[in-house]
Amino acid sequence: MEEEFSALVERREALRAEVEHWVEERERLNEEVRRLRSRGLELRERRDEANRRTRELIEEIRRLRDEIAERRRKLREVDQRLVEVEKVLTGERRELEERMRRLEWEVMTTPTEEMLGREEEVAREIGELKRRLEAYDEAERLEARRLELRAEIMARQVRVRELKGELGRRRKAGRARHQEMIEVFKKMEEVRGEADEAHRRVLEARERLREIRKEELDLKRRLRALRAEIEGKKRERLKEEALRRIKEKLERGEKLTFEEFRLLSEEEERQE
């Protein structure tokens, strides 16, 4: 029984060590699960941020393309008006301006009597010159507006190309973060399964440990009972041996000690 008890103690200690091992393994795996979950959430946030920026870029590109389309429409109107205005342009501007100055000087310096009969003709020519010069002014304004619209279109086209480049990079980054996130969460589930298995091992080992402790307690009680029984029998043998020596001593006529007399008296009373 003592050997059996020793074996139980060894099994108990081995199981206790096993429990500690699986507890440590479970905690390590749970910590790994927490780390992977944190990493997965970080990747999800980065993916979502990339997707948000992607949507912003798409919206900005759409807005710029609308602006480009609007400016192209205006540019067509300007080009069309410029063609119409250029039809009116005849002669060089400088010549027209010089002719205008001469006519205006003539009107101011020529005596009224001499202008009689030519006023209407001069007025018509001045009016025609003004119309042509205004056409030149409008043509210049239209040409300036044309150049302005073309510059605005080109600037927006350049910006669209830049945004499309960033859009491609963001989409690629978003896909990469998404794939990495999936792999991390997949790994997290694998580790969580291992942690659950370690927890199951902990519970299983603790249950076996409880059973062994019950066996150990039962064996302890049996050992105590057996030891008490052995001790009782041992005391009984010693008592019988002492009584035998006391009786031999009486038979030889020797004097008994007080303890020997007491022991002999108790035995005689028990037998009565």
Side-chain angles (χ1 to χ4, degrees), residues 42-181:
E42 177 188 348
L43 289 168
R44 177 186 291 173
E45 178 59 29
R46 290 170 63 184
R47 179 206 64 183
D48 292 346
E49 176 59 30
N51 290 342
R52 281 193 294 271
R53 180 56 182 160
T54 295
R55 290 191 293 272
E56 290 173 359
L57 289 169
I58 290 172
E59 184 59 31
E60 190 172 356
I61 289 171
R62 184 181 294 115
R63 179 182 60 78
L64 287 169
R65 283 174 171 169
D66 290 342
E67 291 180 2
I68 290 171
E70 176 64 17
R71 279 158 177 76
R72 281 176 173 167
R73 184 187 64 78
K74 291 180 179 179
L75 182 61
R76 284 193 296 271
E77 293 177 355
V78 169
D79 286 340
Q80 184 178 353
R81 178 59 184 162
L82 191 57
V83 170
E84 294 172 357
V85 170
E86 285 176 346
K87 290 178 181 178
V88 180
L89 301 180
T90 57
E92 293 293 333
R93 183 185 182 100
R94 233 177 302 174
E95 293 176 1
L96 294 173
E97 290 174 343
E98 181 60 30
R99 178 61 180 162
M100 174 71 78
R101 281 194 295 272
R102 284 199 303 270
L103 286 172
E104 288 176 344
W105 177 257
E106 183 180 349
V107 168
M108 287 186 297
T109 58
T110 302
T112 305
E113 295 81 7
E114 295 180 13
M115 290 296 296
L116 290 174
R118 294 189 62 234
E119 291 178 348
E120 188 174 339
E121 179 187 349
V122 170
R124 281 198 304 271
E125 187 176 355
I126 289 174
E128 179 64 21
L129 288 171
K130 284 182 177 180
R131 188 176 69 83
R132 291 179 182 178
L133 288 172
E134 287 173 356
Y136 270 107
D137 291 338
E138 185 179 0
E140 289 178 358
R141 288 194 302 272
L142 289 170
E143 185 62 31
R145 180 57 175 157
R146 182 173 179 272
L147 293 174
E148 181 184 0
L149 288 169
R150 287 176 64 84
E152 290 177 359
I153 290 170
M154 290 179 63
R156 282 160 176 76
Q157 288 174 331
V158 169
R159 181 58 179 159
V160 166
R161 285 194 293 272
E162 292 173 352
L163 293 175
K164 287 176 71 175
E166 184 182 352
L167 178 61
R169 293 190 296 274
R170 292 284 182 174
R171 280 175 168 167
K172 184 178 179 181
R175 288 192 295 268
R177 296 295 82 75
H178 180 72
Q179 184 59 37
E180 190 176 355
M181 180 197 72

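These figures come from a predicted structure and were not determined experimentally.
Checked against Arg175 for a side chain to side chain contact (heavy atoms under 4.5 Å, CB included), the options His178, Lys172, Gln179 give a single hit: Lys172.
Under the 4.0 Å criterion applied to side-chain N and carboxylate O atoms, Arg47 and Glu180 are not assigned as salt-bridge partners. Checked for salt-bridge contact, Lys74 and Glu77 miss the test: no charged N lies under 4.0 Å from a carboxylate O. Between Glu67 and Arg63 there is a salt bridge, since a side-chain N of the basic residue sits under 4.0 Å from a carboxylate O of the acidic one. Ionic pairing of Glu49 and Arg46 is not present here: no N-O contact between side-chain nitrogen and carboxylate oxygen is shorter than 4.0 angstrom. A salt bridge links Arg52 and Glu45; the closest N-O separation between the charged side-chain nitrogens and carboxylate oxygens is under 4.0 Å.
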field: From CA spacing to verdict: side chain to side chain contact (heavy atoms under 4.5 Å, CB included), Leu64, Glu60
entry: CA-CA 6 Å; Leu64 287 169; Glu60 190 172 356; 4.3 Å; yes
- prompt: Is there a side chain to side chain contact (heavy atoms under 4.5 Å, CB included) between Leu149 and Glu152 once you walk through the steps?
  reply: CA-CA 5 Å; Leu149 288 169; Glu152 290 177 359; 4.0 Å; yes
task: Could you give me the CA-CA distance, side-chain angles and deciding distance for Val83 and Asp79, then say whether side chain to side chain contact (heavy atoms under 4.5 Å, CB included) is met?
output: CA-CA 6 Å; Val83 170; Asp79 286 340; 5.6 Å; no
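Side chains of Glu143 and Glu140 form no contact here, defined as non-hydrogen atoms less than 4.5 Å apart. Contact annotation: the side chain of Glu70 never approaches that of Asp66 to less than 4.5 Å [non-hydrogen atoms, C-beta and beyond]. With contacts defined as side-chain heavy-atom distances shorter than 4.5 Å, the pair Arg44/Asp48 qualifies. Between Leu57 and Arg169, every side-chain heavy-atom pair lies at or beyond the 4.5 Å cut-off. The closest side-chain heavy-atom distance from Val78 to Arg81 is not below 4.5 Å. Taking 4.5 Å as the limit, every side-chain heavy atom of Arg65 sits out of range of all side-chain heavy atoms of Arg62.
Other residues, nucleotides and ligands contribute at most 12 non-hydrogen atoms within 6.0 Å of the CZ atom of Arg150. Within 6.0 Å of atom CD in Glu42, more than 12 heavy atoms from other residues, nucleotides or ligands are found, so the atom counts as buried in its surroundings.
Note that CZ of Arg170 is 12.5 Å distant from CZ of Arg55, once rounded to the nearest 0.5 Å. The line from CD of Glu166 to OG1 of Thr54 is 8.5 Å long, rounded to the nearest 0.5 Å. Atom CZ of residue Arg141 and atom CG of residue Leu82 lie 11.5 Å apart, to the nearest 0.5 angstrom.
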